[in-house]
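Remember, predicted model here, so these are calculated numbers, not experimental data.
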Amino acid sequence: MKKILSKIFIIILISINIYSQDHRDWTYNLNIYEVNVRQYTEAGTFAAFENHLERLDEMGVGILWFMPIHPIGIQNRLGNLGSYYSVKDYLDVNPEFGSLDDFNALVDHAHELGMYVIIDWVANHTAWDNQLTITHPDWYTKDIYGNFVPPPGTNWSDVIDLDYSKQELRDYMLNAMKFWIDESKIDGFRCDAASMVPVDFWETCNADLKNYKPDIFLLAEGDDRQYQDIGFDMSYAWGLHGFGSGVLRNIVNGSANANDLKDFIIDEENDYSNQHYRMYFTSNHDENSWHGTVFEQFGDAAEIFAVLTSTLDGMPLIYSGQEAGLNKRLKFFDKDQIIWNEHPFFEIYSTLSHLKKNNKALWNGDLGGEFQRVITSDNDNVFAFIREKDNEKIFVVLNLSATERSPVLFSALGAGHYKDVFTNDTITYKVGSNIFLPAWNYKVYRSKDDNTEIRKEAKLIKEFVLKQNYPNPFNPKTTIEYEISRPAFVNLAIYDFTGREVKTLINRK
């Protein structure tokens, strides 16, 4: 009897060795959505925006980035309501948006739905009537007459510059950021005008924040290689699009083509680590208000660029209202509500957002598939590429021209059996196949046999789970299921009750 028991009663041990906890535990397959609370609803409040959370969850939104939530200065205010970025108090919320309890309830609700929240942080300047001008006037830059001054080189008349030579200011700013981590349980910060704040502050601040909250996510409003070296996890890819210019605008106006886009992406790969995310977008609050809507800037190419920025090796940004076909420049200093129309962009963003969550090829950073261009007979006008990871493959073909194209597939990289992610039609391509594309048209395919479906996925796993095996061990075979919250090296071994290893079932990532 003892001999039989030694073969039946087993101990299952699973050891999981992963990289140190950081934001990649949860950002690896997410997009980011910028929230303009003031213009989002008629009420313009946290509570009114909260009513949109289920819709955004349905659309596949992963990270909510809130423009500054703080009280706005009155002195030298621009417009009737002022700029979000004229901060009167770093430790409170704008009463026009609601109360601190309202914001906390909003964050809690977002977390319950599996979304994450970051807030805009304005470290470079404050409102003229910020309380710090009274309690710590020495923390500000002054002219030769001792007067407060706007940030040098700007026309920002509603704000005044902070002086980061003061250690006490640095300590205050860091502690204020920690306040929101503790009080509202936010998941990170988007740091405004990062290039206008000393690099050594960010280096120290970011390291301290990551020690305080290891999985915090930090986005720099800046486009420079230095940000990946000083603790930021993502930065702006302004070379693709920003300030009304970039490769995308140049393609539309005819001064660039698909080959220039390829060169840009190669430069991105050379300049940035695959663990540092790049944020790709067609709009944001600055682009929309100051440079024009996506339809003003891109015309008929607006849709194809939404697809491009959602499938490249980076994190795509959606600005408030883009999913509703936002076709007006929202006023920056006054009320100007978004018009919520039904629009094809909602389904496009939904499909691509869920595809990103479910298909490893589109995951962010080193957890996703590497960009590889697919060569065709029309490389000047057609931009085709694949991304592939763990037998999951995405094939994207874009006609970046105002005339229809029918390129011949030259590269075996694009060959395969596919399903169109938007229509579910199946197709097979081989070297020599033609791909017909109307003007500014696109195709996004997934490999037909990758078992990935475009669906609303189950809630993200939060912790390690070892399930009860079935059927019981008295049967000839038993199934052991486990779940892990992130990619990891897994060792699954079976031991008998004496501690002798019987068999190693899994020993791999």
Side-chain angles (χ1 to χ4, degrees), residues 32-45 48-49 52 64-73 76-88 94 96-97 118-122 124-125 127 150-151 153-159 190-196 219-223 236-238 240-246 248-249 252 279-299 301-302 305-306 309 316-341 343 345 349:
I32 186 168
Y33 185 95
E34 183 182 5
V35 181
N36 187 330
V37 174
R38 174 188 292 166
Q39 315 299 19
Y40 214 89
T41 61
E42 182 177 2
T45 62
F49 171 76
H52 286 258
L64 298 170
W65 151 29
F66 285 85
M67 294 171 67
I69 60 174
H70 309 296
I72 294 172
N76 296 330
R77 171 179 285 189
L78 297 174
N80 293 315
L81 299 177
S83 168
Y84 282 92
Y85 296 87
S86 177
V87 176
K88 188 176 181 180
N94 186 346
E96 297 169 20
F97 297 164
I118 69 173
I119 63 173
D120 225 318
W121 195 258
V122 187
N124 177 66
H125 49 265
T154 74
N155 61 353
W156 301 344
S157 60
D158 59 335
V159 295
R190 178 265 188 188
C191 298
D192 179 70
S195 63
M196 301 175 70
L219 164 61
E221 189 203 11
D223 186 1
Y236 277 55
W238 273 328
L240 184 67
H241 179 59
F243 303 107
S245 62
L248 300 186
R249 284 296 300 273
V252 170
M279 189 171 74
Y280 297 120
F281 51 89
T282 58
S283 189
N284 55 47
H285 64 270
D286 285 319
E287 285 299 317
N288 172 268
S289 293
W290 308 120
H291 301 288
T293 69
V294 293
F295 305 107
E296 287 181 83
Q297 296 198 56
F298 303 133
F305 289 159
T309 53
L317 167 70
I318 305 169
Y319 179 50
S320 294
Q322 278 196 271
E323 70 271 33
L326 180 64
N327 63 357
K328 69 173 180 176
R329 302 188 186 197
L330 298 175
K331 296 176 181 177
F332 205 80
F333 308 115
D334 296 288
K335 182 69 176 178
D336 190 14
Q337 186 182 345
I338 295 168
I339 299 173
W340 292 103
N341 293 318
H343 194 276
F345 276 12
Y349 281 124

Give a yes or no answer on whether the side chain of Arg190 reaches the backbone of Leu219 with a donor-acceptor pair at less than 3.5 Å. no
Can the ring centres of His52 and Tyr33 be said to be less than 6.0 Å apart? no
Phe66 meets the ring pair (Phe, Tyr, Trp, His ring centres under 6.0 Å) criterion, sequence neighbours left out, with Phe49, Phe103
Could you tell me whether the side chain of Asn80 and the main chain of Asp334 form a donor-acceptor pair under 3.5 Å? no
Ring pair (Phe, Tyr, Trp, His ring centres under 6.0 Å) involving Tyr236 - partner list, sequence neighbours excluded: Trp238, Phe281
According to side chain to side chain donor-acceptor pair (under 3.5 Å), who are the partners of Thr282, at least two apart in sequence or on a separate chain? Gln322
Heavy-atom donor-acceptor pair, Thr309 side chain to Ala306 backbone, under 3.5 Å: yes
Are Asn76 and Ser157 packed together at the side-chain level, in the sense that at least one heavy-atom pair is separated by less than 4.5 angstrom? no
Taking C-beta and beyond as the side chain, do His241 and Phe298 meet within less than 4.5 Å on heavy atoms? yes
Who passes side chain to side chain donor-acceptor pair (under 3.5 Å) against Asn124, sequence neighbours left out? none
Kindly give the heavy-atom pair with the smallest separation between Tyr40 and Glu323, and that separation in Å. OH-OE2, 3.7 Å
Can you see which heavy atom on Leu330 is nearest to which on Asn288, and at what distance? N-OD1, 2.8 Å
Just by distance, do the side chain of Glu287 and the backbone of Gly292 share a donor-acceptor pair under 3.5 Å? no
Going from NZ on Lys335 to CD on Glu96, what distance comes out if it is rounded to the nearest 0.5 angstrom? 9.5 Å
Ala237 to Asp223 - nearest heavy-atom pair and separation: C-OD2, 3.9 Å
What's the spacing between Phe305 CZ and Ser283 OG if we round to 0.5 Å? 14.0 Å
Contacts of Tyr84 meeting ring pair (Phe, Tyr, Trp, His ring centres under 6.0 Å) (sequence neighbours excluded), chain-then-number -> Phe97
Euclidean distance, Trp65 CH2 relative to Ile32 CD1, rounded to 0.5 Å: 6.5 Å
Answer with yes or no whether the side chains of Tyr85 and Asp158 bring together a donor and an acceptor at under 3.5 Å. no
Within the structure provided, determine whether Asn94 and Val37 are in side-chain contact (heavy-atom separation under 4.5 Å). no
Given 3.5 Å as the limit, does a donor-acceptor pair link the side chain of Arg77 with the main chain of Ile72, or not? yes
Given the rule in the side-chain contact (heavy atoms from CB on, under 4.5 Å) test, do Trp121 and His70 qualify, once you have shown the distances and angles that lead to the verdict? CA-CA 9 Å; Trp121 195 258; His70 309 296; 3.6 Å; yes
Residues Ala48 and Thr41: closest non-hydrogen pair is CB-OG1, 3.3 Å
Please check if the side chain of Glu34 supplies one atom and the backbone of His285 the other of a donor-acceptor pair under 3.5 Å. yes
I want to check something: taking the side chain as every heavy atom from C-beta on, are Met196 and Thr154 in contact at a cut-off of under 4.5 Å? yes
Could you grab the distance from atom NZ of Lys328 to atom OG1 of Thr293, nearest 0.5 Å is fine? 12.0 Å
Scanning both residues in full, the closest heavy-atom pair of Ala324 with Asn341 reads CB-O, 3.5 Å
Any side-chain to backbone donor/acceptor pair from Glu221 onto Ala193? Under 3.5 Å, distance only. yes
Please step through side-chain contact (heavy atoms from CB on, under 4.5 Å) for the pair Asn36 and Tyr319, ending with a clear verdict. CA-CA 8 Å; Asn36 187 330; Tyr319 179 50; 3.0 Å; yes
Tell me the closest heavy-atom pair linking Phe332 and Ser83, and the distance in Å. CE2-OG, 3.6 Å
All side chain to side chain donor-acceptor pair (under 3.5 Å) counterparts of His291, not counting sequence neighbours: none
